[in-house]
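Read through the structure below, which is laid out as structure tokens, and then see the notes.
All ligand and atom numbering here is 1-based and tracks the order in the structure.
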Amino acid sequence: MKIGIIGAMDIEVAELIESMENIKKEEISGITYCQGTLNGKDVVVAKCGIGKVHAAVCAQTMILKFSPDAILNTGVAGSLNAELGIGDLVVSSRVVQHDFDTSGIGDPVGLISGLNLIEIPCPEKLVEKVADSARELENTKVFTGTIASGDQFICSMEKKNYIVENFNALCAEMEGAAIGHVCYLNKVDFCIVRAISDKADGSAHMDFPSFVQIAAKKSINLINNFLKTVS
Ligand code: SAH
């Protein structure tokens, strides 16, 4: 079993790459793919860059060139739920693209034309396994549910409420649903893991730089736990 691991920022994958063995690196379209082993398991790890296009390019290339059996996305996100504080974890059971909007011509908000879906589902078995690995971490709440992605840093109550009202999402970030979309098209299992770095409200611009590091590390710890369970 080969696991693909994608993070948007260096801070979200650097420690994983440093811990890898038998590493081989290949750069394609500006993204470096690191193949090798981590905790003795076959992995391919890449930093995709910020936003849905970077994430989609990375996921598609990873699938075509490195054939992972499943892709995990590790990283940080803004909380949309009052119960979820800094450092808590969200494991996706489905992903949505909150900025996909053709409602002006009668479609429901968030409908992904072509897929004809609003929510892209993650495979239940993988979600359960990832959530179990998350629950091993101390002092951390673990929620499973909808993760919302869009090409926007969410930092106002107005935007936050819009995403909650339309999608009932637990957190907002900028890559997960693009990775999910690509995996869905290619019939590859996927799951998004995000640790909360901010509250996606008026304080997010202050919180994000302060907490991005501890949040990124929390998500990496989950990935390491998960890899121990992979056969
Ligand atoms: N120029 C900055 C941009 C960071 S954007 C840089 O290059 O570092 C924020 C990143 O963290 C994205 O990858 C996104 O997935 C995640 N994120 C954390 N909090 C977020 C929020 N409130 N809204 C949207 N994305 C958020």
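Residue contacts with ligand 1 include Ala77, since one or more of its heavy atoms lies under 4.0 Å from the ligand.
Panel note: side chain Asn186, backbone Val182; a donor-acceptor pair is recorded below 3.5 Å. Distance alone, capped at 3.5 Å, is enough to place a donor-acceptor pair between the Asp88 side chain and the Lys141 backbone. A donor-acceptor distance shorter than 3.5 angstrom exists from the side chain of Ser133 to the backbone of Lys129, with no hydrogens or angles considered. Judged by distance alone, with hydrogens and angles left aside, the side-chain atoms of Lys199 form no donor-acceptor pair with the main-chain N or O of Leu80 at under 3.5 Å.
Residue Cys122 forms a side-chain contact (heavy atoms from CB on, under 4.5 Å) with just one option from Asp189, Val127, Val91, and that option is Val127.
When Ala172, Gly7, Ser197 are ranked by how near their heavy atoms come to atom 18 (C) of ligand 1, first place goes to Ser197.
Of the protein's non-hydrogen atoms, Val76 O, 3.9 Å is the one closest to atom 17 (N) of ligand 1. Nearest to atom 7 (O) of ligand 1 among the protein's heavy atoms is Ile50 CG1, 3.6 Å. Ranking the protein heavy atoms by distance from atom 10 (C) of ligand 1 puts Met9 CE, 3.8 Å first. In terms of protein heavy-atom proximity, atom 19 (N) of ligand 1 is closest to Asp198 OD1, 2.9 Å. Atom 22 (N) of ligand 1 has as its closest protein heavy atom Ile154 O, 2.9 Å. Among protein heavy atoms, atom 12 (C) of ligand 1 sits closest to Glu175 OE2, 3.5 Å. Of the protein's non-hydrogen atoms, Gln152 O, 3.3 Å is the one closest to atom 24 (C) of ligand 1. Here the protein heavy atom with the shortest distance to atom 5 (S) of ligand 1 is Met174 SD, 3.8 Å.
Put simply, atom 1 (N) of ligand 1 has no protein non-hydrogen atoms near it, under 4.0 Å away.
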task: Assess whether side chain to side chain contact (heavy atoms under 4.5 Å, CB included) is satisfied between Lys52 and Met174, documenting all intermediate values.
output: CA-CA 6 Å; Lys52 291 193 300 170; Met174 301 177 67; 6.0 Å; no
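Contacts with ligand 1 closer than 4.0 Å are made by side-chain heavy atoms of Arg194 only, the backbone lying farther away. Contacts between Val212 and ligand 1 below 4.0 angstrom, taking non-hydrogen atoms only, are absent altogether.
Looking at every heavy atom in both residues, Met62 comes nearest to Ile5 through CE-O, 3.9 Å.
Side chains of Gln97 and His181: a donor-acceptor N/O pair is present below 3.5 angstrom, by distance only.
Short contacts between ligand 1 and Ala8, defined as distances under 4.0 Å to a heavy atom of the residue, involve ligand atoms 13 (O).
Ring-centre distance between Phe190 and Tyr184: not below the 6.0 Å cut-off.
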